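As structure tokens, the structure follows; a few thoughts come after it.
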Amino acid sequence: MSLGWWRLVYAAFAGFLLFHGFSTSENAPNYSFMHNATSAPFLSYYDYIVVGGGTAGCPLAATLSHRANVLLLERGGSPYGDPNITKLVNFGASLSDLSPWSPSQRFISTDGVINSRARVLGGGSCLNAGFYTRASPEYIRQAGWDGRLVNQSYEWVENLVAFEPHLGHWQSAVRNGLLEVGVVPFNGFTFDHINGTKVGGTIFDEQGNRHTAADLLEYANPRGLTVLLYATVQKILFRFRGRRSRPEAYGVIFRDGSGIEHRAYLKYGFKNEIIISAGALGSPQLLMLSGVGPVAHLRSHNIPVVLDQPLVGQGMCDNPMNAVFVPSPIPVEVSLIEVVGITHFGSYIEAASGETFSASVTTTSRNYGMFSPKIGQLSTVPPKQRTPEAIARAVEYLDNLDQAALQGGFILEKIMGPISTGHLELQTRNPDDNPSVTFNYFQHPLDLQRCVQGIQTIGKIVESESFSKFRYDYMSWPGLVNMTEHSPINLLPRHYNSSIPLETFCRDTVMTIWHYHGGCQVSRVVDPDYKVLGVEALRVIDGSTFNYSPGTNPQATVMMLGRYMGVKILRERLGN
């Protein structure tokens, strides 16, 4: 095989994989309650103020609106009418968009792994690869949730945004390969988390249109809800009613897209609350900006301390993902995540295929997604050498590649948990700026062991009879591993050896699957009802409260949690 051919194959990594779970139907619903924040009054009053119109915030606000007056504040815009969000064939285009108005905001953890956070109504469900699957019964029991209400809440979500995918040849081969190598039994199509191999749900419909958490606002009472877009909350306002009283949240300050400041306050009533649903980065960040966090860290940023809470921003986790690109001698369908193998050792095996990550149908040039040098991801060049000239040379090289180099797909593994944890800290007092995040990938040896076992399982799938027509006969499994090892995936230093230990492979090729969580965990920052410890009238309801990522992919459970807690809060409000 020629060196030039291998260079083409290596370069395929420059534009393929990305996020899990995406949202939005093609036609915009007529939301009479949705407005640009520039039209908002400078002063307003509500029963509930929900900060963050994401995967949890949308179902939460929709539910609360039936018995209360609710304000939902979203720092981004609407997903509707944007084909880079709504169309499966454009998956990854939004994640490559670094403009200030992009629905995604890139950040790089201190570990060197490139990541992204949502900045759009519907949150991460507008950006991910769309896989929909529930948490396991054991996870639900450990969370202390009401199983009956959990099931009802999942069904409420699924009635609008979850679909059964129709498997093409590549996904079918992955399914059959999983079964052939022993990831059994076959559980058919199901939303449930069951050991073995299954076909999961998707938030893409048969026409390839994405349906997101924003669609769940169709359930809302229009008279009880106000949604403001491009509304960035600066801080939560607190007061003390007595000398020994605990701080009480009573309002928020937010800025509209023109930079004009607005204030929204809670109406009088002891059951009225502010609820933060700003995500695993945004929620602990906003608590700190508002004076709730580690006292020394707050003072280092000249933030007045409301409550010394040293566990805000702690316990940050991101499920490490590693993938192997498999060049195919025959064309493959465009597919995102549709099949999953839930192993007994704690690794989840999934796959994606086709040209989804190589080009956008809405543009005339190729779009290499989150692995594009267009956004500075040149892992073969040290960070300080990523000059505009170096990026331009890499872009030109990739644009001149033969399209055949991108024919094939990825088989990936993501570990459960994880056990390794890190932390989050403020970098500035500007809520638009990313905080500093450390995830400590593979710090715990069990996480690394699970990755190694997952990669070994992928190797068996690639070499299985079921997968034979999608691999070149002359391409060995060690060759595929070496090819992946030498591809530009992250910013970590690389090891260029002919024989690569899988432990080294896992560390060197680690990516995110955008399932990061923590920072406001239950029993550490919030109580089992998601009320912030030591503070009145304030809750956090989103993935920042998770100790472990639920199921194989968390978006279904995050949407469920928004509905679930909305119902519980209303029951509490009405005395039921």
Side-chain angles (χ1 to χ4, degrees), residues 15-31 34 55 58-59 77-97 103-104 118 120-133 154-172 174-175 188-191 198-219 331-340 350-364 366-367 369 406 409 553 555-556 559:
F16 201 95
L17 198 60
L18 283 146
F19 228 79
H20 262 52
F22 195 96
S23 107
T24 294
S25 56
E26 183 177 13
N27 298 318
N30 183 23
Y31 288 159
M34 187 168 70
T55 315
C58 285
S78 168
Y80 300 107
D82 182 351
N84 285 340
I85 292 177
T86 61
K87 292 295 186 180
L88 182 150
V89 293
N90 289 345
F91 173 67
S94 293
L95 291 167
S96 302
D97 181 1
S104 68
V120 60
L121 187 70
S125 66
C126 296
L127 302 174
N128 60 27
F131 199 61
Y132 183 98
T133 182
Y154 273 127
E155 291 169 0
W156 183 88
V157 172
E158 290 154 9
N159 287 337
L160 275 187
V161 303
F163 306 87
E164 178 179 356
H166 296 283
L167 298 191
H169 295 298
W170 170 278
Q171 291 286 339
S172 297
V174 172
R175 175 199 61 196
F189 166 70
T190 180
F191 294 139
K198 74 166 190 172
V199 178
T202 177
I203 59 174
F204 289 102
D205 63 24
E206 290 186 11
Q207 289 72 46
N209 296 317
R210 180 189 294 271
H211 296 260
T212 71
D215 293 6
L216 299 175
L217 293 173
E218 292 180 25
Y219 283 124
V332 298
E333 76 270 13
V334 172
S335 71
L336 296 177
I337 312 303
E338 298 173 354
V339 171
V340 62
E350 301 172 343
S353 65
E355 299 176 0
T356 317
F357 308 97
S358 64
S360 169
V361 299
T362 61
T363 64
T364 57
R366 289 181 179 177
N367 175 4
L406 300 170
N553 304 72
Q555 73 165 341
M559 286 190 274

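Position 1 is the first residue of the sequence, and the numbers go up from there. Keep in mind the model is a prediction, meaning the values are calculated, not measured.
Side-chain contact between F204 and P165 is absent, with no heavy atoms from C-beta onward closer than 4.5 Å. Within the 4.5 Å cutoff, no side-chain heavy atoms of N84 are placed close to those of D97. Side-chain contact check for T86 versus P79: every heavy-atom pair is 4.5 Å or farther apart.
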Report the C-alpha distance between E350 and V339 in whole Å, list the side-chain angles of each, state the deciding distance to 0.1 Å, and finish with yes or no for side chain to side chain contact (heavy atoms under 4.5 Å, CB included). CA-CA 6 Å; E350 301 172 343; V339 171; over 6 Å; no

Could you go through the side chain to side chain contact (heavy atoms under 4.5 Å, CB included) check for M34 and L217 one step at a time? CA-CA 10 Å; M34 187 168 70; L217 293 173; 5.7 Å; no

Could you please spell out the steps behind the side chain to side chain contact (heavy atoms under 4.5 Å, CB included) verdict for V157 and Y219? CA-CA 10 Å; V157 172; Y219 283 124; over 6 Å; no

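Separation of atoms OG (S335) and CG (L167) is listed at 9.0 Å; rounding is to 0.5 Å. Note that the OH atom of Y154 and the CZ atom of F191 stand 11.5 Å from one another [nearest 0.5 Å]. With rounding to the nearest 0.5 Å, the separation of CD in Q171 from NE2 in H166 is 13.5 Å. We find the CD-NE2 distance between E218 and H211 to be 9.5 Å, quoted to the nearest 0.5 Å. The distance from atom CD of E164 to atom OG1 of T190, rounded to the nearest 0.5 Å, is 10.0 Å.
Between L127 and P103, the shortest heavy-atom contact is CD1-O, 3.8 Å. For the pair A351 and W170, the tightest heavy-atom approach, listed with the atom from each and the gap, is CB-NE1, 3.7 Å.
For the side chain to side chain contact (heavy atoms under 4.5 Å, CB included) criterion with S353, the lone passing option out of V334, L336, V174, V332 is V332.
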